Amino acid sequence: MKLKGTEILLKMLEEENVEIMFGYPGGAVLDIYDQIYKSNMKHILVRHEQGAVHAADGYARATGKVGVCLVTSGPGATNTVTGIATANMDSIPLVVFTGQVPTGLIGNDAFQECDITGITRPCSKHNFLVRNIEDLASTIKEAFHIARSGRPGPVLVDLPKNVMAASTEYDPAAVRIRNHEVSYKPSPKKIANFFEMLQKAKKPLIMTGGGVILGRASEQLTQFARQYRIPVTGTLMGLGSFPGRDPLWLGMLGMHGTYYANMAISHCDLLCAVGARFDDRVTGTIETFAPNAKIIQVDIDPSSINRNVTVDLPIVGDTKAVLSDMITYFDEHNYAYENEERNQWLGQIAEWKESVPLTYCQNGNVIKPQFVIETLYKLTKGEAIITTEVGQNQMWTAQFFHFDKPNTFVSSGGLGTMGYGLPAAIGVKCAFPDKHVVDIAGDGSIQMNIQELATAAQYKINVKIVLLNNGYLGMVRQWQELFYEKRYSFTDMTYAPDFVKLAEAFGIVGLRAEKPEEVEAVLKQGLSLDQPVLMDFRVSREECVYPMVHPGDSISNMSLGSRETVN
Amino acid sequence: MEKKEHIISVLVHNKPDVLARIAGILGGKGYNIESLCVNTTMQYEVSKIVMTTLGNKETIMRIENQLRRLVDVIQVDNLTNVESIHRELILVRLNLTADKKEQIKNTVDTNKWKVIVSADDYLILEITGDNSQIDFALARLEPLGIVDITRTGIIALNLEN
Ligand SMILES: Cc1ncc(C[n+]2csc(CCOP(=O)(O)OP(=O)(O)O)c2C)c(N)n1
């Protein structure tokens with residue numbers, strides 16, 4: 001069958017079971033858009049290409065499938081870069097199609113030409129420029145394969161206009177790609193070593209990361225920890241990989257981690273990191289991180305191992321495969337865990353939990369941002385998919401919303417991209433129309449991709465925005481308060497739109513709460529409406545996120561904040 | 001830890017941007033490539049890149065792992081710790097000026113260097129050897145007045161398989 005490039009693209013998307021794409025048209029992709037017009041492909045028109053990539057990324061994080069977007073050449077392509085870098089840092093599988101000028105003009109500074117494969121080389125997993133129509137089908141197939149295999153990541157495919165207009169023979173059964181098969185089975189010897197180390201340990205601790213979610217290994221992790229009574233802490237990206245209500249759960253560790261998680265790290269004698277890469281926000285100063293512990297690191301990507309900390313037992317492998325092998329091995333070898341030492345360790349952790357719980361002071365007649373999140377958690381019973389922006393809003397969400405299931409916390413961890421939450425929520429909601437999907441936002445971040453409210457309104461994508469409006473770039477202000485003697489250099493955002501009126505102008509519902517007693521009613525109403533809703537919570541302006549490990553300090557040394565402050 | 005020169009041999013898919021990817025991953029992470037040689041293997045679709053870089057054991061491990069992450073990289077071998085043979089090649093032009101002519105001819109003869117172009121007023125030499133042999137040659141040639149020189153990167157072959 002002879003088909004045009006544009007037809008082959010749509011056929012291949014069908015082959016890859018793509019249900020939805022997010023995009024924005026332009027000159028170089030007019031032909032592709034014409035083909036979409038004639039097809040059944042579901043396409044969401046965003047209002048900015050960055051929004052398209054974040055939406056595809058949110059879709060991918062919530063479903064575990066590959067997110068797909070389509071944009072035009074030049075500025076359309078460059079607008080995707082922040083989104084691609086965001087996905088790359090968190091290993092999120094995406095395929096981003098960009099239009100390109102005809103091959104004959106490449107290199108001529110043609111209108112809307114830009115070397116997008118060159119630009120995205122260092123911030124994508126891989127990219128392709130398709131120069132011949134004969135390579136189109138196999139390149140698309142390979143792009144999807146690369147995006148989802150091994151350590152996942154974003155793949156960009158650049159499509160010159162003339163290639164898409166050309167025709168070639170197309171037979172889906174004949175599309176072949178290079179072999180990328182790698183074995184991610186761990187070696188049995190490593191499993192035996194793991195067992196030995198754990199058997200010797202008196203104070204073991206598991207640290208779970210995004211790799212457990214990406215590897216769909218939450219069930220195995222939970223089973224393993226519960227069966228052998230090993231307490232679990234997690235990185236930001238690991239939230240949801242272990243049930244947030246389980247007594248073994250210690251919450252997030254690191255710069256804004258819980259007191260007890262950071263104490264457990266500092267006192268454990270064996271730390272088993274699964275799918276986590278020891279980011280500097282997690283470890284504090286490396287020299288004092290887990291000073292008494294032997295470290296085991298399980299990761300699918302050898303380049304993540306031994307990079308930031310030196311580990312005693314590196315295990316390269318798929319997190320699910322490693323944990324499954326562990327469970328089998330432990331069952332066969334009678335691991336002794338019901339002993340006095342373990343009871344003492346768990347007792348010690350319980351004491352830490354009791355002495356310094358995660359808390360904030362609820363006083364005055366001002367809404368505390370933490371209270372909003374707690375109330376949201378209570379009202380949804382945790383049954384929601386939460387996206388966040390970046391800053392204090394993100395940290396408070398990580399602390400006060402207790403994620404029970406994987407793929408329910410959707411947040412830009414590695415790159416920390418403000419403006420991520422709203423478009424990501426749109427992507428999530430497209431995949432789960434029947435679930436509550438809430439973007440917990442700051443007033444700075446929400447303004448970075450606020451245009452996507454129009455997308456939500458147009459397609460009736462009923463996302464809810466819980467805006468923790470403190471009139472500041474809160475997290476930066478916090479650092480200025482603590483480390484720059486309150487010189488609030490360019491962080492005051494009091495000059496902002498009236499968000500309720502703004503919501504209404506976009507054709508969605510705007511609600512506002514100014515007093516603590518209004519919080520629950522506004523959330524209830526917002527959640528119950530069958531429309532996109534922006535809820536503007538005027539929160540305590542100078543609230544800080546605590547605990548906090550000061551940059552360059554040991555994570556056992558946390559400031560807990562004054563628990564008496566009245567605003 | 002002690003830094004030393006490592007010779008890394010990389011088999012890659014022969015794609016137009018594969019060298020940019022490799023240079024990018026090393027340069028972007030702050031590792032310097034000291035020397036580089038690239039050409040296709042007996043299969044046109046597969047190229048071999050031999051490069052040398054300075055670093056301690058851990059740095060080199062990281063470089064190797066970063067390289068293995070690239071989709072177009074097929075195989076990475078560190079030839080430093082296995083038995084392997086190394087060669088470089090130089091092409092040198094010497095002008096046969098009246099005052100140096102005799103000396104040049106004598107030095108070339110005693111060292112049995114290969115003359116590949118012999119004109120009335122200049123010579124071009126082709127010299128191969130391992131790193132120390134090339135350095136030795138350069139030390140002899142320098143006083144004779146090198147007009148132009150090209151030196152390849154190191155190429156290396158594993159002797160163990
Ligand atoms: C695109 C981008 N620019 C700048 C930053 C630096 N930054 C990190 S947090 C933050 C403040 C965020 O303010 P806001 O969205 O109001 O959230 P809050 O901290 O008040 O909850 C800034 C500016 C960033 N993370 N991303």
Side-chain angles (χ1 to χ4, degrees), chain A residues 85 88 91 103 106-107 115-132 135 138-139 142-158 177-184 277 286 297 299-311 314 316, chain B residues 1-3 6 8-33 36 38 40-49 51 53 55-78 80-81:
Chain A
N88 197 49
S91 308
T103 43
I106 291 178
D115 176 12
I116 195 62
T117 48
I119 290 175
T120 55
R121 209 174 279 138
C123 66
S124 62
K125 183 172 177 188
H126 194 61
N127 59 29
F128 296 96
L129 166 60
V130 184
R131 286 177 180 275
N132 300 302
D135 300 333
S138 61
T139 304
E142 200 170 347
F144 276 88
H145 178 78
I146 292 169
R148 66 166 83 91
S149 63
R151 175 179 177 170
V155 179
L156 181 139
V157 184
D158 205 16
I177 61 172
R178 285 182 285 168
N179 185 16
H180 296 282
E181 286 321 313
V182 195
S183 167
Y184 298 112
R277 62 184 173 89
I286 288 289
Q297 188 183 2
D299 206 289
I300 199 163
D301 178 6
S303 77
S304 289
I305 293 183
N306 265 330
R307 185 162 58 187
N308 303 334
V309 300
T310 312
V311 304
V316 177
Chain B
M1 211 191 288
E2 169 207 12
K3 272 195 175 184
H6 286 256
I8 300 175
S9 165
V10 192
L11 282 181
V12 298
H13 292 288
N14 182 14
K15 293 285 172 85
D17 55 359
V18 68
L19 197 55
R21 288 183 198 279
I22 291 195
I25 210 148
L26 291 169
K29 312 238 176 226
Y31 309 124
N32 194 25
I33 300 174
L36 182 70
V38 195
T40 55
T41 58
M42 296 307 285
Q43 289 166 276
Y44 179 74
E45 329 66 83
V46 176
S47 289
K48 188 184 249 185
I49 298 177
M51 58 190 182
T53 179
N56 59 35
K57 221 174 91 204
E58 270 147 31
T59 321
I60 299 300
M61 274 275 286
R62 273 183 212 144
I63 293 179
E64 288 176 37
N65 282 333
Q66 291 290 349
L67 289 171
R68 288 196 183 96
R69 262 179 82 174
L70 291 175
V71 168
D72 284 327
V73 166
I74 304 165
Q75 194 182 324
V76 180
D77 290 304
N78 189 334
T80 316
N81 304 324

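All values below come from the heavy atoms of this structure, side chains included, with hydrogens, waters and symmetry mates left out. Since the model is a prediction, treat every value here as computed from it, not as a measurement.
Of the two parts of A/N306, only the backbone, made up of N, CA, C and O, holds a non-hydrogen atom closer than 4.5 Å to a non-hydrogen atom of chain B. Heavy atoms of B/R21 lying under 4.5 Å from chain A belong to its backbone as well as its side chain. Residue contact with chain B, scored on non-hydrogen atoms closer than 4.5 Å, involves the backbone and the side chain of A/P302 alike.
Shortest non-hydrogen contact noted between B/A20 and A/R121 is CB-NH1, 3.2 Å. A/R307 and B/R62 get closest at one heavy-atom pair: O-NH2, 3.4 Å.
In terms of heavy-atom pairs under 4.5 Å with chain A, the best-connected choice from B/L67, B/I25, B/D72 is B/D72.
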Start with the C-alpha gap between B/N65 and A/I305, add the side-chain angles, then the distance that decides, and say whether side-chain contact (heavy atoms from CB on, under 4.5 Å) holds. CA-CA 9 Å; B/N65 282 333; A/I305 293 183; over 6 Å; no
